2 protein chains.
Amino acid sequence: MRKLPPLGSLRAFEAAARRLSFREAAAELGVTPTAISHQVRILEEICGRPLFRRRPRPLALTDAGERLFPVIRNGFDTFASVVTAVSAKTIRTTLRVTSPNAFASRWLVPRLPRWRKLYPQIRLEIIGTDAVLNLRAGDADLAIRYARTMPTDLVAREIFRDSFFPVCSPALLGEGVPAITRAADLLHYPLIHYDWLNGDREPPSWSRWLAVARSVDPDIPAATEHWDLSFREEIHAIDAVAAGQGIAICSDVVVSHEIESGALVKAHDLALPGYGFYVVHVPDHPRQASIEAFAAWMRSVA
Amino acid sequence: MRKLPPLGSLRAFEAAARRLSFREAAAELGVTPTAISHQVRILEEICGRPLFRRRPRPLALTDAGERLFPVIRNGFDTFASVVTAVSAKTIRTTLRVTSPNAFASRWLVPRLPRWRKLYPQIRLEIIGTDAVLNLRAGDADLAIRYARTMPTDLVAREIFRDSFFPVCSPALLGEGVPAITRAADLLHYPLIHYDWLNGDREPPSWSRWLAVARSVDPDIPAATEHWDLSFREEIHAIDAVAAGQGIAICSDVVVSHEIESGALVKAHDLALPGYGFYVVHVPDHPRQASIEAFAAWMRSVA
DNA sequence: TCGCTGGATGAATTGGATTCATCTAGACTG
DNA sequence: CAGTCTAGATGAATCCAATTCATCCAGCGA
């Protein structure tokens with residue numbers, strides 16, 4: 001039989017661990033710090049080891065506390081969101097989908113008419129943001145995560161993977177400008193750079209692409225760290241590329257619509273390996289069927 | 001700010017929903033049924049709707065209760081298991097793997113020496129059972145689930161899929177017996193049948209295989225519902241096949257070792273589509289790296 | 001060195017959970 | 001179809017676990 005720990009002590013522990021302060025946790029729960037102290041001690045006695053390292057200050061979690069904390073926090077997030085959902089007067093009908101900004105505006109939104117045609121009864125709400133929403137807290141029903149490997153914190157399925165190519169407007173390659181026959185020729189054009197904030201140690205940037213290209217075309221000078229245009233946001237970089245301002249290393253998935261329509265062209269065929277697009281949701285989501293329809297649809301329109 | 005429901009009422013609700021009886025829930029929690037009644041009412045008032053349908057009896061969950069219950073149960077299972085894990089004196093070193101019986105004995109165990117060679121530092125404990133263990137309760141670290149589609153209650157990744165062929169011992173096809181050149185010839189041999197208890201409406205059985213075969217070889221009589229040998233367990237059926245007692249419809253994955261060694265042969269090339277093998281684990285498992293190594297290893301030795 | 005902040009500790013207190021006593025609906029029985 | 005029994009509802013009374021109070025202590029900063 002399952003041996004459930006005292007739930008009050010879990011709640012006190014979670015608040016204290018989240019704020020790393022008994023005083024603040026007490027304020028949050030509307031009790032005195034003493035109450036937190038007592039409850040945490042109870043849990044520590046059950047676990048047979050300290051969960052907080054109290055000094056030297058500041059307050060910190062022990063290894064045991066570190067293992068406990070994410071699980072308890074997720075559990076409470078889940079409890080809160082499911083009770084809120086069940087309490088809601090109206091049953092939500094739209095499926096809330098969140099994805100990185102560039103993917104939402106360049107891939108998802110242009111294809112939404114096709115979705116509406118196939119599934120008019122399932123309305124979508126697209127939340128394009130590069131922040132990671134908390135699905136367990138009910139911020140969205142489904143997230144499209146963009147990562148090298150499968151996320152393991154939620155239920156995930158890989159839809160497709162992308163590759164990165166130098167991409168530009170066909171207008172940029174008009175008459176009177178040098179043709180691109182080999183990688184080194186790209187350097188005659190303005191190179192458009194944008195930031196990768198995902199913590200990847202080897203993001204698919206110009207410096208990486210040129211390094212790979214150098215291995216087949218030694219004429220490319222090493223350490224070309226000068227970018228003609230630099231953006232914070234991938235989405236703005238793509239806008240600049242579409243406007244014919246230069247060449248950028250872009251995901252073939254994100255610009256697939258523009259490639260197909262001829263609005264953008266690949267400037268060179270050398271590709272960098274990219275990331276996976278994962279449809280992610282909480283376990284046992286109540287609208288499983290809609291989520292599976294969406295994942296299957298994404299694969300089908302890839 | 002997250003609005004956490006009263007945890008005591010969640011506990012009472014979970015026990016009552018699991019046993020579908022206030023009286024039994026009370027006994028489990030060591031309180032009187034009145035206590036359960038009061039706590040459940042509190043939760044129902046928070047949700048603004050009944051969670052149980054009390055009459056006509058027997059007690060049943062309402063739709064709202066049905067949505068709440070799996071989430072709360074999973075949460076408590078998770079709490080109990082993580083606290084137990086943190087409380088454990090010794091840190092567990094073996095990775096506990098559970099899989100269906102036949103797969104464990106026919107596929108996994110014969111390949112374990114290869115695992116030990118590659119990962120001597122990660123010890124495996126194999127739990128072969130056709131029961132579905134509760135990973136959230138900590139019954140095992142990792143399960144190999146066998147299903148048509150990806151499980152969505154936990155983190156899952158598909159490793160490979162199988163197909164079903166008629167398989168027999170090469171000794172069965174010796175001299176003095178009719179050769180097998182077409183599907184109908186199989187009927188001259190003892191057909192070995194075993195039960196599919198997974199609830200699949202179209203399990204890969206002899207009747208299904210013969211139905212498909214009939215579409216290419218009309219000589220096969222319809223409704224051949226006579227099996228020469230019938231087993232409850234796939235694993236016993238395979239033993240009988242290996243002993244040369246007849247032909248069975250077997251998963252090419254489960255008998256791959258015997259096929260490769262020549263101990264068993266395919267009696268016919270017509271295949272039925274099979275199931276996926278999924279490596280499944282709880283979200284945010286503390287030994288993620290070992291689990292990923294195991295999944296990658298399974299793929300590599302497929 | 002002296003406050004000051006934040007947490008620990010043990011006794012006292014209190015309020016939310018539990019029980020008790022009673023009531024009711026529905027099921028089963030002969 | 002009464003008679004009986006089971007399972008849960010309800011409201012007042014009770015009680016114990018959670019909280020507070022009062023006090024103490026360690027570390028940090030001025």
Side-chain angles (χ1 to χ4, degrees), chain A residues 3-62 64-66 68-69 72 76 79-80 83, chain B residues 3-62 64-66 68-69 72 76 79-80 83:
Chain A
K3 216 202 78 197
L4 208 52
L7 300 172
S9 62
L10 290 183
R11 188 184 36 186
F13 165 76
E14 192 269 345
R18 184 156 34 80
R19 314 217 141 195
L20 287 177
S21 160
F22 283 26
R23 194 179 52 80
E24 287 179 30
E28 173 180 325
L29 300 181
V31 296
T32 57
T34 310
I36 304 293
S37 178
H38 283 302
Q39 289 299 316
V40 168
R41 168 145 317 290
I42 288 171
L43 191 58
E44 286 180 321
E45 260 152 32
I46 286 170
C47 292
R49 61 197 57 184
L51 299 172
F52 288 97
R53 185 185 53 63
R54 287 139 221 251
R55 47 187 72 89
R57 294 195 192 158
L59 195 67
L61 285 164
T62 62
E66 209 76 72
L68 215 48
F69 174 50
I72 307 300
F76 284 158
F79 287 174
V83 169
Chain B
K3 215 202 78 196
L4 208 52
L7 300 172
S9 63
L10 290 184
R11 188 184 36 185
F13 165 77
E14 191 270 345
R18 182 157 34 80
R19 320 209 96 145
L20 286 176
S21 160
F22 283 25
R23 192 180 53 80
E24 287 180 29
E28 173 181 325
L29 301 181
V31 297
T32 59
T34 310
I36 304 293
S37 179
H38 283 303
Q39 290 299 317
V40 167
R41 169 147 315 291
I42 288 170
L43 191 57
E44 287 180 319
E45 261 153 32
I46 285 170
C47 292
R49 61 198 57 186
L51 300 171
F52 289 97
R53 184 184 55 61
R54 287 139 222 254
R55 40 188 74 86
R57 296 194 191 163
L59 195 68
L61 284 164
T62 61
E66 208 76 72
L68 215 49
F69 173 49
I72 308 299
F76 284 158
F79 286 174
V83 169

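Per chain, numbering begins at 1; letters A, B, ... match sequence-line order. Source: prediction; values computed, not measured.
Minimum atom distance to the side chain of A:Arg23 is reached by C:dG7, of the listed C:dT18, C:dG7, D:dT20. Closest to the A:Phe22 side chain, of the nucleotides C:dG7, D:dG8, D:dA9, is C:dG7.
For C:dT19, one of the phosphate oxygens OP1 or OP2 lies less than 4.0 angstrom from a side-chain nitrogen or oxygen of B:Thr32. Taking only side-chain nitrogens and oxygens, B:Arg54 never comes nearer than 4.0 Å to OP1 or OP2 of D:dG8.
Distance CZ (B:Phe52) to P (D:dA9): 9 Å, rounded to an integer number of Å. Look at CZ on B:Arg53: it is 17 Å from P on C:dA25, rounded to the nearest Å. Distance, A:Arg19 CZ to C:dG7 C1': 17 Å, rounded to whole Å. Here the C1' atom of nucleotide D:dT20 and the CG atom of A:Leu29 are 15 Å apart, to the nearest Å. Distance A:Leu51 CG to C:dG7 P: 15 Å, rounded to the nearest Å. As rounded to whole Å, 12 Å separates atom P of C:dA17 from atom CG of A:Leu7.
Atoms CZ and CD, on A:Arg23 and A:Glu28 in that order, are 13.0 Å from each other to the nearest 0.5 Å. For the atom pair B:Leu29 CG and B:Arg19 CZ, the distance stands at 9.0 Å (nearest 0.5 Å). Separation of atoms CZ (A:Phe69) and CG (A:Leu61) is listed at 7.0 Å; rounding is to 0.5 Å.
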Contacts under 3.5 angstrom, residues 37-49 of chain B side chains, donor-acceptor by atom type, not counting sequence neighbours:
residue: B:Gln39; atom: OE1; partner: B:Ser9; partner atom: N; Å: 3.3
residue: B:Glu44; atom: OE1; partner: B:Arg54; partner atom: NH2; Å: 2.5
residue: B:Glu44; atom: OE2; partner: B:Leu51; partner atom: N; Å: 2.7
residue: B:Glu44; atom: OE2; partner: B:Phe52; partner atom: N; Å: 3.3
residue: B:Glu44; atom: OE2; partner: B:Arg54; partner atom: NH2; Å: 2.3
residue: B:Arg49; atom: NE; partner: A:Val86; partner atom: O; Å: 3.4
residue: B:Arg49; atom: NH1; partner: A:Val86; partner atom: O; Å: 3.4
residue: B:Arg49; atom: NH2; partner: A:Ala88; partner atom: O; Å: 3.0

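Across all strands, B:Leu59 comes closer than 4.0 Å only to sugar-phosphate atoms, never to a base (heavy-atom distances).
No donor-acceptor distance shorter than 3.5 angstrom exists from the side chain of B:Thr62 to the backbone of B:Arg53, with no hydrogens or angles considered.
Considering only heavy atoms from C-beta on, B:Phe13 stays 4.5 Å or farther from B:Ile36 through its side chain. Between A:Thr34 and A:Phe22 the shortest side-chain heavy-atom distance does not fall below 4.5 Å.
Judged by closest nucleotide on DNA chain C, A:Glu24 is the one of A:Glu24 and B:Gly8 placed further toward the 5' end.
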Would you tabulate the pairs of protein nitrogen or oxygen atoms and nucleotide nitrogen or oxygen atoms of nucleotides 9-16 of chain C closer than 3.5 angstrom?
residue: C:dT9; atom: OP2; partner: A:Arg41; partner atom: NE; Å: 3.1
residue: C:dT9; atom: OP2; partner: A:Arg41; partner atom: NH2; Å: 3.1
residue: C:dG10; atom: O6; partner: A:His38; partner atom: NE2; Å: 3.2

